[in-house]
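Just so we're on the same page: letters track the sequence lines, and every chain starts at 1. Values reported hereafter were calculated over all heavy atoms of this structure, with side chains retained and with hydrogens, waters and symmetry mates removed.
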Amino acid sequence: MSKANKNDNSRRNFLQKLGIAGASAVAGSALLLQGCNNSNKASGNKVKVLTADNKLVEVDVAHLQPGDKIKDLEYLQDRGREGIPGKKFVMVVDLAKCKNARKCMKACQSAHQLKPEMHHINVLEMDDPVRHTSYYMPKPCQHCDNPPCVSVCPVDATFKRQDGIVLIDNERCIGCRFCVAACPYSARSFNWTEPKDAEEFAEVTYDMELNVPQKKGTVTKCAFSADRLRVGKLPYCVSACPNGVYYFGDANEDLVTNGTTKKTVRLSALLDENAAYTLMPELGTKPSVYYLPPRQSKG
Amino acid sequence: MNDTITKENLNDDQIDQDLLKNVNWGNKFKLWLAFLSVSLIICLYFYYQQLQHGLGVTGLHDYVSWGIYISNFVFFVATSLIGMLISSVLGLMNVHWVKPLARIAELVAVAFAIVAGLIIITDMGRPDRLLNVFMHGRVQSPIVWDIAVIVTYVAISVLLLYIPLLPDIALCRDKLKNVPKWQQKMYKILALGWSGKTRQFKIMNNYTRILLILIIPIALSIHTVTSWLFAMTLRSGWDSPIFGPYFVSGAFVAGCAAVIITMFFFQRNFKLQKYITTDHFDRMGKLLVLVALVYVYFNINEIIVPGYKANTADAKHVDEMLYGHESLMFWLVQLGGLVIPFLLILFKPMRKPLPLTLISIVVLAGAWFKRVLIVVPTQLSPYYPIQNVPEKWNHYSPTVPEIAITLASFILVLIIMTVLAKLFPVISIWEVKEEMNHNKELA
């Protein structure tokens, strides 16, 4: 993974630092303002920022540096739709290692402001038809390359990005739930009532890569932790797993990293050697999540 | 030649008097309207609650995310299709006996189609974002097709109700002198200066004919597209290539039943026995048998084909229907709401107005529950097990607000139909006269 993002790393680090500065105190914007490039054309959209000496000033959005833009909805929306160029994110789930620890579910639910019954990732107990036992199967959104949910969405609220991630824009979603009905993997969830801790999140700017704040009357789903990928980190669920179930990475680079051991392996070899499969390939959805069978593996 | 119109020789004045009689706002009607309005307001209070607290006030959840709102929507679209069958298909084929029923069928079509559009809004999580559909609409979504065809269907149905009504509106304008001022004014405007000239009749007939032809593909599309909301998904139970014709044939069953019930109420309340005759009921009964048979045929296909092959998911779905959770509702709907009624209607005494109306009420109720059976069970058997969610997510039962909001749609249909029936003659006066004079000439 680290290799995968090498090119972007310097920019990422920069962004991160700015993000921290911006979040800790908007006061930092005074500094940024000094460096702002006045040759940028004014967009007409003004935002209010606080200077170091506690003055509230109005600045044109176009004159802001990335650190401030992190709080600008329009910027986040554009960034969220565009995705990360050159990437094709994939996940590999090693079922042999899953012991139903459910740390992935917890990490996911707390990151995405989800109620206990709402799942972006759900660990299911599945019947093994051959050995007549059961095994545990984490089921996130499959981020299909031919996503049925995206086809049926009437307003382009859910969409497929260039990096393979299927996201949802809850600023646009009309709550028709056609995508929920169309998804054969039951991967989607709906905010039937006011979301968890809605008041706490009331002032937070919506970031579709995190899909927070959640909104009543809109659909939510796994985002492959697009917000974490942007800063070069592994998804919440992947990092939280204590059992080494998850590998995550970039298919273009043919490399995936295990979230527990942090070991990076060749994707094609991992899939070949372990007889990997996808869920219901006969449906033609072309998932980006691969499963390694639930056999007793040594790894 | 035409035994569905009374054998008595009626002169024009008599016809005017009989058919204009219902155009008044009597106390009985005012009471009825007040009752409907109060009920509607009570039901709308529940919608207000839903707006406040979200769709959480319904029995819906992540697994059954489409419930009775959607099945009710399908039912309403289905019922509205009858306007096309009666006034257009039979009308163009010159089937004379349906002529006095055409306006009633159009009334049913307009009322149900308009309200269908509103029902969809009650199912939306964010009705405040309705305009997004127009601002960000995407052509590949069946919802966008559905909205396009339903709006077109409502528009053409309203025109099909209105244009052949012109001579009768002019009649109201000329004859009804003791109605309120606003009503006289309304007739004057709506009559568009109709004076009964041959040229006007010719234009009207031309327009009507164009609309009658146009509405056939559009009516077929609205229900086919509605079926595609399900058939275009990969969910077992919905993923079926016969859904289009299956829905259309089912629509005619529901629509025929609705028209028979409406005919009965107009006949009794407006004392129209000379115009809506026992013979009309007899023929509508036969039409109902025909469409029910076609529908039974599709139902058999829908169950037997996947049941025989029994691939894992389909077998589960068919099992649920035939013997499982849904079996009680399934058999009640199939036998009680479809097979037994059409077997009964095969006997002539059952095609008399009262028994036929009672049977139609059962058929219509069956048709409503049939839509629930189409929408809900598929969602209860997803490909992957329902786990780590509240136990009640393994079932679906609608809540009080949900039922009240659904009832509101029916109340709204009744309001639209009765108000229209009290403002305009429910039977085309000029066509009855034409028919009568034609018969006289023959005699």
Side-chain angles (χ1 to χ4, degrees), chain A residues 102 105 115-119 121-127 129 134 136-137 139 148-159 169-195 215-220 279-280 282-285, chain B residues 50-58 60-66 70 120-121 123-147 228-230 232-236 238-239 311-313 375 378-379 382-390 393:
Chain A
R102 305 205 167 197
M105 289 168 72
K115 290 180 178 169
E117 71 272 20
M118 294 170 76
H119 305 290
I121 185 165
N122 195 355
V123 180
L124 302 176
E125 185 174 3
M126 302 289 289
D127 291 324
S134 67
Y136 293 100
M137 185 185 92
K139 177 179 64 67
C149 52
V150 170
S151 312
V152 299
C153 178
V155 294
D156 201 17
T158 190
F159 54 90
D169 175 0
N170 81 13
E171 286 283 318
R172 186 180 286 184
C173 175
I174 60 169
C176 70
R177 309 186 301 292
F178 201 172
C179 54
V180 179
C183 176
Y185 304 104
S186 309
R188 287 173 168 250
S189 195
F190 188 71
N191 284 296
W192 297 99
T193 49
E194 207 61 65
K215 281 184 199 72
K216 182 178 82 182
T218 62
V219 173
T220 183
L279 297 184
M280 294 192 288
E282 68 275 14
L283 298 181
T285 50
Chain B
Q50 181 179 305
L51 286 178
Q52 287 278 302
H53 304 290
L55 281 166
V57 300
T58 66
L60 299 168
H61 48 78
D62 284 355
Y63 287 89
V64 179
S65 74
W66 282 353
I70 294 289
I120 267 300
I121 297 174
D123 187 67
M124 287 171 65
R126 295 296 299 249
D128 53 314
R129 294 181 181 173
L130 183 63
L131 286 181
N132 278 8
V133 179
F134 302 98
M135 277 152 50
H136 304 288
R138 291 169 87 235
V139 195
Q140 71 260 52
S141 172
I143 286 190
V144 172
W145 313 340
D146 216 18
I147 290 170
W228 285 351
L229 296 182
F230 308 97
M232 291 304 194
T233 68
L234 294 164
R235 303 290 291 266
S236 126
W238 288 350
D239 181 3
N311 83 45
T312 322
V375 174
T378 287
Q379 298 173 81
Y383 289 111
Y384 290 93
I386 302 175
Q387 290 176 9
N388 308 320
V389 293
W393 286 18

Pairing donors with acceptors under 3.5 angstrom, does anything connect the side chains of B/D146 and B/W228?
no
Checking the side chain of B/R126 only, and the main-chain atoms of A/C173 only, is there a donor and an acceptor separated by less than 3.5 Å?
no
Among A/C153, A/G284, A/P154, A/G217, single out the residue with the greatest number of heavy-atom pairs under 4.5 Å to chain B.
A/P154
Using a 4.5 angstrom heavy-atom cutoff, name the option from B/P127, B/P142, B/G137 with the most pairs to chain A.
B/P142
Top contributor to chain A interface from B/T58, B/D123, B/D62, B/L130 [non-hydrogen pairs under 4.5 Å]:
B/D62
Cut-off 4.5 Å, heavy atoms of chain A, and the answer for B/Y63 is side chain
Which atoms of A/V150 come close to chain B, meaning under 4.5 Å heavy atom to heavy atom: side chain ones, backbone ones, both, or neither?
both
Closer than 3.5 angstrom, by distance alone: can the side chain of A/Y185 be matched with the main-chain N or O of A/L279 as a donor-acceptor pair?
yes
Sub-3.5 Å donor-acceptor pair from the side chain of A/R177 to the main-chain atoms of A/G175, do we have one?
yes
Side chain, backbone, both or neither: which part of B/I147 has an atom under 4.5 Å from a heavy atom of chain A?
neither
Check: B/R138 main-chain N/O paired with A/D156 side-chain donor or acceptor under 3.5 Å:
no
Considering only heavy atoms, which portion of B/W393 lies under 4.5 Å from any heavy atom of chain A: side chain, backbone, both, or neither?
side chain
Do you know which of A/R188, A/H119, A/K139, A/M280 has the most heavy-atom pairs under 4.5 Å to chain B?
A/M280
Kindly say whether B/S65 contributes a backbone atom to a donor-acceptor pair with the side chain of B/Q379 at under 3.5 angstrom?
yes
With a 4.5 angstrom heavy-atom cut-off, is it the side chain or the backbone of A/C149 that approaches chain B, or both, or neither?
neither
Given 3.5 Å as the limit, does a donor-acceptor pair link the side chain of B/R235 with the main chain of A/A181, or not?
yes
Report which part of B/Q52 has an atom under 4.5 Å of a heavy atom belonging to chain A: side chain, backbone, both, or neither.
backbone
Which one wins on heavy-atom pair count under 4.5 Å against chain A: B/L229, B/D128, B/V144?
B/L229
Measuring heavy-atom distances to chain B, does A/M105 have an atom under 4.5 Å in its side chain, in its backbone, in both, or in neither?
side chain
Contact class of B/L131 relative to chain A, heavy atoms under 4.5 angstrom:
neither
Under 3.5 Å, side chain of B/N388 to main-chain N/O of A/V123, donor-acceptor pair present?
yes
Taking side chain as everything from C-beta outward and backbone as N, CA, C, O, which of these in A/P184 sits under 4.5 Å from a heavy atom of chain B? Side chain, backbone, both or neither.
both
Answer yes or no: is there a donor N or O on one side and an acceptor on the other, between the side chain of A/K115 and the main chain of A/N191, under 3.5 Å?
no
Looking at A/C183, A/S189, A/P148, which makes the most heavy-atom pairs under 4.5 Å with chain B?
A/S189
Do the side chain of B/W66 and the main chain of A/C176 share a donor and acceptor less than 3.5 angstrom apart?
yes
I'd like to know which of A/R172, A/E194, A/K216 tops the heavy-atom pair count under 4.5 Å against chain B.
A/R172
Any donor-acceptor pair under 3.5 Å from B/W145 side chain to B/V139 backbone
yes
Which one of B/S236, B/P382, B/G56 has the most heavy-atom pairs closer than 4.5 Å to chain A?
B/G56
A/D127, A/N170, A/V219: which one forms the most heavy-atom pairs within less than 4.5 Å of chain B?
A/N170
